[in-house]
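Beneath this line is the structure, given in structure tokens, with notes to follow.
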Amino acid sequence: MSAAAVNTIAGICFALLTIEFVYVLCRLAFSDRRRRLVFLKNFKVGRCAIVYVIAIPLYLIGHMYGGKTFFDGLFSAINQCVNLVVLKYSTDSVAQLMGDSVFYATTMYYCFILVAFNALLFISSVAGQSIWRSANAAYVRHCKKDKLFIFGWCEESRQLYASDKSRAKLIVDELTAEEKQELYVGKIGYMPRKAKNCVSSIFADIKRKNNNYVIVINESTQEQNMDLCDAFVHEIRKYVEESERKNAEQDIFERLQIYVYGNPQYEAIYNDLQKRAYGCLRYVNKYQRTAIDFVKKYPFALFMDEKQLDYSTSLVRDGVEINALMIGFGKANRQIFLTSVANNQFMKQGKDGPVNKQVNYYIYDRENAENNKNLNHSYYRFKTETAGEDKDKYLPLPEMPANEIYCKLDINDNTFYAQIKSVLDSNKKGVNFAIIAFGSDLDNIDLAYKLNEKRREWNADNLILFVKVRQAHNEIALFNERDCFEIGNEKDCVYDINSLTNGWLYSMARSRDELYALEYDYTSGDVDKETIKTPEYVEQCRKKCYKKWFVGRSQLERDSNIYACLSLRSKLNLIGLDCVKKEAEGKALSDKEYLDVYSKGFPLVQRKDKAELQGKPIIAYDLEFPPSLRTNLAINEHQRWNAYMISKGLVPATIEQILNETDDKGNFTNGKNYGLRRHGNITTMQGLIDFRKLVAEKLGKSEEDCDVIKYDYQLMDDAWWLLDRNGYKIVKKKKID
């Protein structure tokens with residue numbers, strides 16, 4: 001074979017090898033992860049064969065140069081190419097040509113290098129997924145970062161996983177090969193749920209190390225959720241009872257947080273599991289979280305202006321009705337109803353002062369929605385257990401917190417729109433809210449489109465539409481229109497790790513709890529006043545309150561504090577103000593400017609010693625609460641607290657229980673018994689005056705020492721400090737776009 005022919009064939013092979021090499025590099029370098037992994041996967045189905053095909057003519061010309069015939073050389077070349085697949089390199093048969101042609105030798109070695117490169121890609125395509133998964137799991141288990149383990153493979157778990165940017169994390173479940181491929185494509189760490197009893201394995205890491213651990217349980221069934229909770233509770237209790245560490249209970253509480261997404265139908269079971277977990281286990285009701293997010297973003301008072309509200313008194317003007325049309329009354333809207341009732345509270349001017357102004361809830365559902373075991377156990381317990389009772393046995397009873405009108409009506413009924421229109425026509429001066437949550441996202445959006453057309457047809461400018469969706473629908477033009485809003489996007493308010501572990505509302509509630517604990521220590525005189533102000537004492541109090549929040553308080557008490565903070569925005573809206581994040585647009589009101597609006601006519605009085613804690617003056621309270629905007633908002637706060645307690649199924653204590661009931665230690669309960677869902681303060685403001693007189697006489701104390709009305713003032717008295725401390729500012733209210 002001539003030198004020219006050898007160089008020509010070797011040159012073509014060199015060029016083809018180079019084209020293949022550059023092509024592979026470009027596909028690896030410039031494709032996204034999903035396409036890159038699909039490309040690598042092709043190596044398992046013969047994509048790599050082209051390099052070996054190119055090697056055949058290279059061997060062939062070497063054999064023919066050494067004197068073999070074409071067919072002998074071809075079969076020998078094929079045989080040697082097969083050996084190349086298993087990296088058996090051989091140059092003996094072509095040594096003569098390699099010695100005579102540097103270019104041929106270079107091309108041959110170039111081919112060998114690409115064969116090795118191909119082999120690496122092939123190994124990566126075959127074993128890369130397992131190698132990466134094992135290496136990543138080992139990294140997560142042994143690195144010094146805080147850890148996140150998410151039990152349950154679903155879209156929501158992937159959202160939680162993606163939302164965490166700081167922890168070493170793994171999803172724990174039993175997955176199919178296809179699901180594991182999806183994990184690999186998404187670069188999601190994975191650990192088999194049954195591998196070496198994963199709960200015990202994770203807990204062994206917790207005991208050995210000092211990292212902080214967050215466990216999220218979001219399995220496909222409630223039984224799996226409860227089994228995992230029970231397994232973790234068992235390990236927690238075993239650790240506390242058997243550990244040689246000092247303060248083992250405090251240690252595990254500070255380092256382990258377990259969040260379980262549970263169906264509200266089984267809330268009582270989850271609450272029992274919480275009680276046994278030393279504060280480490282926290283139940284998550286996703287419907288409650290979406291409802292809280294709705295009320296936080298869109299309190300009803302935000303959509304009302306001075307035509308409907310008297311900002312100088314916070315009262316609703318005469319002739320103004322507030323209607324909420326609940327279209328559908330399943331889990332989502334039922335929770336929105338309860339959360340709204342516990343926050344959207346209004347008052348109007350009565351004969352002797354402010355009185356309750358009920359929101360009218362028109363509840364449309366194809367079933368008899370008023371017949372519900374959960375509502376009977378919670379919201380309607382107050383009405384059913386006090387109905388027909390001798391009212392003299394109680395302090396003055398409050399009204400029901402809302403007016404519900406149930407309408408058994410399918411949205412397909414031909415009178416549906418006529419009934420909606422009749423409600424709107426009867427309330428031209430007021431405001432109407434339609435909350436659509438009866439079906440899938442697209443079902444709800446479709447009905448919203450139809451109601452949007454109807455409100456233009458009816459000229460119903462005072463109708464605001466809220467559409468419940470599980471996922472954001474940015475492509476829907478409807479949500480760019482006036483007074484039409486998406487609510488309930490679970491990605492942001494339910495399946496976001498920062499919202500789950502430390503949402504601003506929950507942080508605000510705890511910071512308020514810490515402040516009042518410090519104030520109690522300061523005013524009780526049990527601790528040196530200067531000591532209380534030191535950073536060390538403040539930190540000690542913070543830790544104590546944080547633990548008490550999860551260990552000493554029930555879910556009902558925690559939610560009570562959270563709902564109080566949730567109502568801040570609504571109360572500000574009643575007086576022409578609002579609160580927004582500090583970085584948002586709008587000029588912030590100073591503390592003085594806020595107090596000039598809020599406490600005009602009834603200013604706050606600081607203690608004589610001018611004491612401050614955490615930058616906030618300690619306010620002095622006496623028994624005089626004169627008529628004023630500040631007093632109206634305190635009445636509103638007590639009314640809101642009543643509404644919250646009623647929504648949770650609490651009933652008033654009788655006067656006899658307030659006077660005589662004691663707990664297991666022989667201390668007077670004053671009628672408060674969360675275990676039996678009963679409280680002595682579920683009464684009117686006049687009832688609170690009667691309450692302090694009864695308690696003062698019983699205990700032989702002054703009425704000032706037994707007054708509870710001051711607590712209804714504290715929320716708005718401290719609003720500026722509380723919001724500022726948690727990243728918010730108070731601004732002038734403007735109509736929402």
Side-chain angles (χ1 to χ4, degrees), residues 287 290-305 307-308 320-330 332-333 335-337 339-340 343-344 359-365 409 411-412 416-494 569-570 573 578 580 584-585 733-737:
Y287 300 103
T290 55
I292 286 174
D293 187 68
F294 165 58
V295 172
K296 178 180 70 176
K297 289 179 179 175
Y298 306 116
F300 289 170
L302 182 64
F303 298 89
M304 303 169 70
D305 56 28
K307 291 181 292 186
Q308 292 121 3
V320 171
E321 292 297 324
I322 307 162
N323 296 330
L325 289 72
M326 315 288 294
I327 301 176
F329 208 57
N333 245 0
Q335 185 62 63
I336 287 173
F337 164 73
T339 306
S340 176
N343 284 273
N344 288 310
V359 175
N360 302 309
Y361 288 88
Y362 291 85
I363 298 169
Y364 298 93
D365 197 272
L409 184 68
I411 62 166
N412 298 308
F416 176 75
Y417 292 115
Q419 291 202 32
I420 299 291
K421 185 176 185 298
S422 68
V423 173
L424 304 182
D425 287 344
S426 66
N427 187 32
K428 294 291 187 181
K429 291 178 64 177
V431 61
N432 304 288
F433 305 95
I435 305 165
I436 305 169
F438 71 94
S440 69
D441 286 7
L442 294 182
D443 286 332
N444 294 337
I445 292 169
D446 181 70
L447 181 59
Y449 267 110
K450 292 177 170 60
L451 282 178
N452 190 47
E453 291 179 7
K454 285 294 185 182
R455 71 177 177 179
R456 285 198 291 263
E457 175 188 325
W458 300 333
N459 197 27
D461 292 335
N462 61 350
L463 174 62
I464 295 95
L465 301 177
F466 298 108
V467 188
K468 172 68 178 71
V469 296
R470 293 182 71 248
Q471 302 292 334
H473 291 269
N474 299 323
E475 76 282 3
I476 301 297
L478 176 67
F479 299 123
N480 296 321
E481 295 202 22
R482 180 183 62 84
D483 291 341
C484 188
F485 305 94
E486 253 185 347
I487 62 171
N489 176 7
E490 295 177 0
K491 181 178 179 181
D492 294 333
C493 61
V494 180
R569 190 178 187 194
S570 181
N573 293 162
D578 199 1
V580 296
E585 292 182 2
K733 175 183 170 185
K734 64 178 182 180
K735 186 170 176 58
I736 192 167
D737 296 324

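G330 approaches D365 most closely through the heavy-atom pair N-OD2, 4.4 Å. Here the closest non-hydrogen pair linking N444 and K468 is ND2-O, 2.8 Å. Closest approach of N343 to S570, counting heavy atoms only: O-OG, 4.2 Å. For the residue pair A291 and T339, the shortest heavy atom distance occurs at CB-OG1, 3.4 Å. Closest approach of E321 to N360, counting heavy atoms only: OE1-ND2, 2.9 Å. Across every non-hydrogen atom of G488 and T290, the tightest pair is O-CG2, 3.9 Å.
A perpendicular orientation is assigned to the rings of F303 and F433, their planes being inclined by more than 60° (bins at 30° and 60°). Ring geometry for F337 versus Y361: interplanar angle over 60°, hence perpendicular rather than tilted (30 to 60°). Using cut-offs of 30° and 60° on the angle between ring planes, the pair Y364 and Y362 is parallel.
No donor-acceptor pair under 3.5 Å is formed between the side chain of R470 and the backbone N or O of E490. Checking side-chain atoms of D578 against main-chain N and O of N573 turns up no donor-acceptor pair under 3.5 Å. Distance alone, capped at 3.5 Å, places no donor-acceptor pair between the Q419 side chain and the F416 backbone. For the pair E486 (side chain) and H473 (backbone), a donor-acceptor distance under 3.5 Å is present.
Here NZ of K429 is found 12.5 Å from CG of N462. Values are rounded to the nearest 0.5 Å. The structure places CZ of F300 at 10.0 Å from CE of M304, a figure rounded to the nearest 0.5 Å. Between the CZ atom in F466 and the CG atom in D483 there is a gap of 8.0 Å [rounded to 0.5 Å]. With values rounded to the nearest 0.5 angstrom, I363 atom CD1 is found 12.0 Å from I327 atom CD1. We find the CD1-CG distance between I487 and D293 to be 9.0 Å, quoted to the nearest 0.5 Å. Note that the CG atom of L465 and the CG atom of N432 stand 10.5 Å from one another [nearest 0.5 Å].
Partner of L424 under the side chain to side chain contact (heavy atoms under 4.5 Å, CB included) criterion, chosen from N459, L463, N323: L463.
In summary, R455 and E481 do not engage in a salt bridge, as defined by a charged side-chain N under 4.0 Å from a carboxylate O.
K428 NZ: more than 12 foreign heavy atoms inside a 6.0 Å radius.
Contacts classified as salt bridge (Lys or Arg N to Asp or Glu O under 4.0 Å) and involving residues 433-448 (residues at least two apart or in different chains) are given here: D446-K450.
Here the side chains of D425 and W458 are not in contact, with every heavy-atom distance at 4.5 Å or above. Y287 is not listed as a side-chain neighbour of I336, based on a closest heavy-atom distance of 4.5 Å or more.
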Task: Steps toward salt bridge (Lys or Arg N to Asp or Glu O under 4.0 Å) verdict (E457, K454) - done: CA-CA 5 Å; E457 175 188 325; K454 285 294 185 182; 3.5 Å; yes
